[in-house]
Amino acid sequence: MTTNNATLQSWVDEVARLTRPDRIHWCDGSAEEYAELVQAMVQSGELLALNAETHPNCYLHRSHPTDVARTEHLTFICTEQREDAGPNNNWIPPAEAHAKIDALFAGCMQGRTLYVVPYCMGPIDSPLARCGVEITDSAYVVANMRIMTRMGKAALARIEREGTFVKGLHSTGDLNPERRFIMHFPEELTIKSIGSGYGGNALLGKKCHALRLGSWQARDEGWLAEHMLIVGIQNPRGETHYVAAAFPSACGKTNLAMLIPPASMPGWKVWTIGDDIAWMHLGEDGRLWAINPEAGAFGVAPGTGPKTNPTALNMLDHDCIFTNVALTADDQPWWEGKSKEVPAFDWRGQPYDAVSGLPAAHPNSRFTVSMRQCASYSPRAEDAQGVPISAIIFGGRRKELAPLVFQARDWRHGVLVGASVASETTAAATGAVGVVRRDPMAMQPFCGYNFGDYWEHWLSFAERSDRLPKIFHVNWFRQDDSGRFLWPGFGENLRVLQWILERCAGRAEAVETPIGLLPRSQDLNTQHLDVDVATLDALLAVDAQRWNAELEDIRSYFEKFDERLPTGLWSEFERVQNALEHGTQVA
Ligand code: GTP
Ligand code: SPV
Ligand code: MN
């Protein structure tokens with residue numbers, strides 16, 4: 001298999017001259033090809049076959065111990081003008097970036113196979129989908145890309161028809177973090193990544209293409225590429241409304257996308273469309289329509305258990321790749337929160353020492369699985385036009401301050417709410433965990449251009465439609481002094497979604513506060529909910545003094561964007577600040 005697309009062919013030739021692979025393999029995406037790749041990786045020890053009885057076609061990959069998460073400090077946006085990348089991104093001029101990274105690519109595939117991986121982000125026949133080609137020397141990356149995207153023949157055919165595609169060059173290099181870079185050239189629709197084989201660093205269709213380059217293209221073309229799950233909520237009357245929610249990495253997107261309604265909410269059903277990324281376009285009807293550009297989930301393993309997320313657990317017992325989980329004595333995958341069992345081996349393959357107090361699975365251990373294995377996967381996930389979005393939800397992991405839920409007054413206020421999101425850092429990226437940092441729209445690691453311009457783009461939708469989704473903010477992660485979660489979360493989050501959708505339908509009550517519209521405890525469905533009134537009141541309280549301090553932090557953060565910060569965002573900010581000062585509502 002090769003191609004009749006001259007641009008693609010000459011790029012592959014050029015990369016081969018630079019990287020000097022022993023072999024070139026054009027991926028067709030077939031089941032046979034996948035089986036052969038997996039077989040070769042089992043032989044080389046890159047994959048470990050798991051218990052074939054309990055987990056047929058499941059494999060464990062142990063990544064290099066210094067390569068277990070995205071590395072944000074090694075991720076760059078390389079635009080001609082530094083201001084276009086903005087203070088939210090690391091930046092090197094494109095010429096310098098190419099020179100630096102090409103020197104590392106020189107000869108790096110000697111003794112290896114160069115795989116050409118054509119892929120499509122989004123349903124293959126969707127006008128909203130976009131194609132790319134990843135060149136990689138990692139069979140593990142190829143196998144993951146086959147699960148995560150529409151990969152192979154059909155994607156190549158579309159590329160040959162359309163002529164355009166994103167170029168992504170990847171090599172695991174020598175895995176030395178000193179020689180690891182993830183570079184984006186949005187003006188050239190090009191990605192170059194070397195030195196990591198992990199997740200978002202290496203599966204270039206995901207964060208690099210669908211978010212960093214995607215957000216750049218979306219701004220140019222008038223749409224939105226967001227770090228959002230998409231879920232359909234069917235109420236007991238049989239009506240389904242779709243919601244998109246942006247939470248930072250490891251803050252609950254996969255779980256909300258696959259939520260199981262609590263027993264006390266009969267008649268409700270949840271339909272999963274996507275668990276990480278949404279591409280949203282204004283439809284002719286003025287509504288915002290969303291597709292999930294991905295075809296699989298690269299989900300956080302720890303915390304996935306029979307009580308928290310049985311839907312996810314049930315899709316993980318066949319045809320799955322696990323990365324950095326622990327192992328039981330009979331070769332089943334294991335992680336904290338899965339069962340009471342004590343595993344035999346930790347994520348590095350060492351005998352597990354339970355008294356060490358260390359987790360057995362890496363906190364950022366993951367599963368890769370096709371969405372088709374998800375019992376709640378919606379047939380509408382394949383719709384070429386996507387699904388209409390009724391509500392957009394922003395959220396973060398905040399043990400203090402942010403209430404369980406509040407609603408923005410209107411779209412512009414909602415953009416401020418999104419731009420003001422802060423969240424405690426997690427194991428999804430290397431670095432300290434549990435530190436509150438600003439993560440606007442959950443896009444801090446993923447926005448491919450200046451946040452000031454990004455917020456301007458968001459605000460511009462207010463002039464383009466009067467049928468935009470309502471905007472909300474949630475926080476499932478409030479804690480008491482002893483570190484216990486105040487809100488049960490998971491399935492019970494549906495109670496909050498119920499209030500949100502009833503607000504959209506004009507049926508639920510709310511009180512106006514300086515930060516937005518909140519339910520009183522009696523406005524939430526608390527039937528059979530195991531949370532006492534005092535806790536609920538704490539979850540729904542707005543502490544004006546603390547919010548004043550938060551606003552000061554937001555102000556100094558916004559000031560970094562200087563004249564690129566839209567005046568429209570400043571005026572929203574001042575409205576909230578005035579309301580807080582005078583103890584009035586935000587309106
Ligand atoms: P990425 O794939 O990194 O983008 O993460 P994500 O946003 O999809 O997060 P995910 O749903 O995988 O959840 C991350 C962690 O948070 C897991 O350990 C979950 O068990 C936990 N979690 C998810 N939802 C809730 C919740 O409602 N309450 C609490 N306490 N924990 C939650
Ligand atoms: C995230 O970190 O937001 C992820 C995992 O979804 S990764 O693919 O590594 O980016
Ligand atoms: Mn994510």
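Just so you know, ligand 1 is whichever comes first in the structure, and atom 1 is the first atom listed for that ligand.
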Spacing of [atom1] belonging to [X] relative to [atom2] belonging to [Y], to within rounding of 0.5 Å:
X	Y	atom1	atom2	answer
Met148	Ile321	CE	CD1	10.5 Å
Lys338	Thr308	NZ	OG1	12.0 Å
Phe165	Tyr119	CZ	OH	10.0 Å
Cys447	Arg212	SG	CZ	10.0 Å
Leu259	Thr272	CG	OG1	9.0 Å

Exercise. What about Thr254: any of its N or O atoms under 3.5 Å from an N or O on ligand 1?
Worked result: yes

Can you confirm if the NZ or CZ of [X] lies within 45° of the ring axis of [Y] and under 6.0 Å from the centre of its six-membered ring?
X	Y	answer
Arg219	Trp216	yes
Lys253	Phe247	no
Arg397	Phe477	yes

Problem set entry | Proximity of Phe394 and Trp458 rings by center, below 6.0 Å | yes

Exercise. Taking the six-membered ring for Trp, are Trp335 and Phe322 ring centroids under 6.0 Å apart?
Worked result: yes

Among all protein heavy atoms in this structure, tell me which lies nearest to [atom], with the distance rounded to 0.1 Å.
atom	answer
atom 4 (O) of ligand 1	Lys253 NZ, 2.8 Å
atom 9 (O) of ligand 2	Gly200 N, 2.9 Å
atom 1 (P) of ligand 1	Ala250 N, 3.4 Å

For this session: Start with the C-alpha distance between Arg70 and Glu72, add both sets of side-chain angles, then the distance that settles salt bridge (Lys or Arg N to Asp or Glu O under 4.0 Å), and finish with yes or no.
Result: CA-CA 6 Å; Arg70 283 183 295 100; Glu72 295 177 2; 2.8 Å; yes

For this session: Could you check which N/O/S atom of Asp276 is closest to the Mn ion (ligand 3)?
Result: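 Of all N, O or S atoms in Asp276, the Mn ion (ligand 3) lies closest to OD1.
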
Problem set entry | For the Mn ion (ligand 3), the closest N/O/S atom belonging to His227 |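 Answer by atom name: NE2.
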
Ligand-side contact atoms (ligand 1) for residue partner [X], heavy atom cut-off under 4.0 Å:
X	answer
Asn255	10 (P), 11 (O), 12 (O), 13 (O), 19 (C), 23 (C), 24 (N)
Arg397	15 (C), 16 (O)
His227	4 (O)
Gly303	18 (O), 20 (O)
Asp276	4 (O)

Among [options], closest by any non-hydrogen atom to [atom]:
atom	options	value
atom 22 (N) of ligand 1	Trp335, Phe367, Phe485, Phe490	Phe490
atom 17 (C) of ligand 1	Pro248, Pro302, Gly299, Gly252	Pro302
atom 4 (C) of ligand 2	Glu72, Lys207, His227	Lys207
atom 29 (C) of ligand 1	Trp476, Phe446, Phe477	Phe477

Please identify which atoms of ligand 2 are closer than 4.0 Å to at least one heavy atom of [X].
X	answer
Ala428	2 (O)
Phe298	8 (O), 9 (O)
Asp276	6 (O)
Ser249	1 (C), 2 (O), 3 (O)
Gly199	8 (O), 9 (O)
Arg366	4 (C), 5 (C), 6 (O)

Exercise. Is there any N or O on Lys206 that sits under 3.5 Å from an N or O of ligand 2?
Worked result: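 Between Lys206 and ligand 2 (N or O atoms, distance only) the closest approach is not under 3.5 Å.
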
For this session: Check each heavy atom of Cys251 against ligand 1 and say whether those closer than 4.0 Å belong to the side chain, the backbone, both or neither.
Result: backbone

Exercise. Quick one: does ligand 1 sit under 4.0 Å from the side chain of Asn493, the backbone, both or neither, non-hydrogen atoms only?
Worked result: side chain

Exercise. So is Lys253 close enough to ligand 2, meaning a heavy atom under 4.0 angstrom away?
Worked result: no

For this session: For ligand 2, note which part of Phe247 has a heavy atom under 4.0 Å away: side chain, backbone, both or neither.
Result: neither

Problem set entry | Part of Asn201 within contact of ligand 2 (heavy atoms, under 4.0 Å) |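 No part of Asn201 comes within reach of ligand 2.
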
Exercise. Can Arg146 and Asn144 be said to form a side chain to side chain donor-acceptor pair (under 3.5 Å), step by step?
Worked result: CA-CA 5 Å; Arg146 180 169 184 274; Asn144 276 270; over 6 Å; no

Exercise. Is there a donor-acceptor contact under 3.5 Å from the side chain of Ser63 to the main chain of Tyr198?
Worked result: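 Such a contact is absent between Ser63 side chain and Tyr198 backbone.
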
Exercise. Any side-chain donor paired with an acceptor under 3.5 Å for Arg495 and Asn493?
Worked result: no

For this session: Among Asn201, Asp137, Thr136, find the residue that satisfies the side-chain hydrogen bond (donor to acceptor under 3.5 Å, both in side chains) test when tested with His170.
Result: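 Exactly one pass, corresponding to Thr136.
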
For this session: Measure the distances from the heavy atoms of Thr308 to every atom of ligand 1 and state whether one is below 4.0 angstrom.
Result: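 It does not; every heavy atom stays at 4.0 Å or beyond.
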
Problem set entry | Sub-4.0 Å heavy-atom approach of Arg366 to ligand 1 | yes

Exercise. Strictly under 2.8 Å, is any N, O or S atom of Lys207 next to the Mn ion (ligand 3)?
Worked result: yes

Exercise. Taking it one step at a time, do Glu134 and Lys206 satisfy salt bridge (Lys or Arg N to Asp or Glu O under 4.0 Å)?
Worked result: CA-CA 11 Å; Glu134 175 164 0; Lys206 195 173 176 58; over 6 Å; no

Problem set entry | From CA spacing to verdict: side chain to side chain donor-acceptor pair (under 3.5 Å), Asn292, Trp279 | CA-CA 6 Å; Asn292 170 16; Trp279 282 358; over 6 Å; no

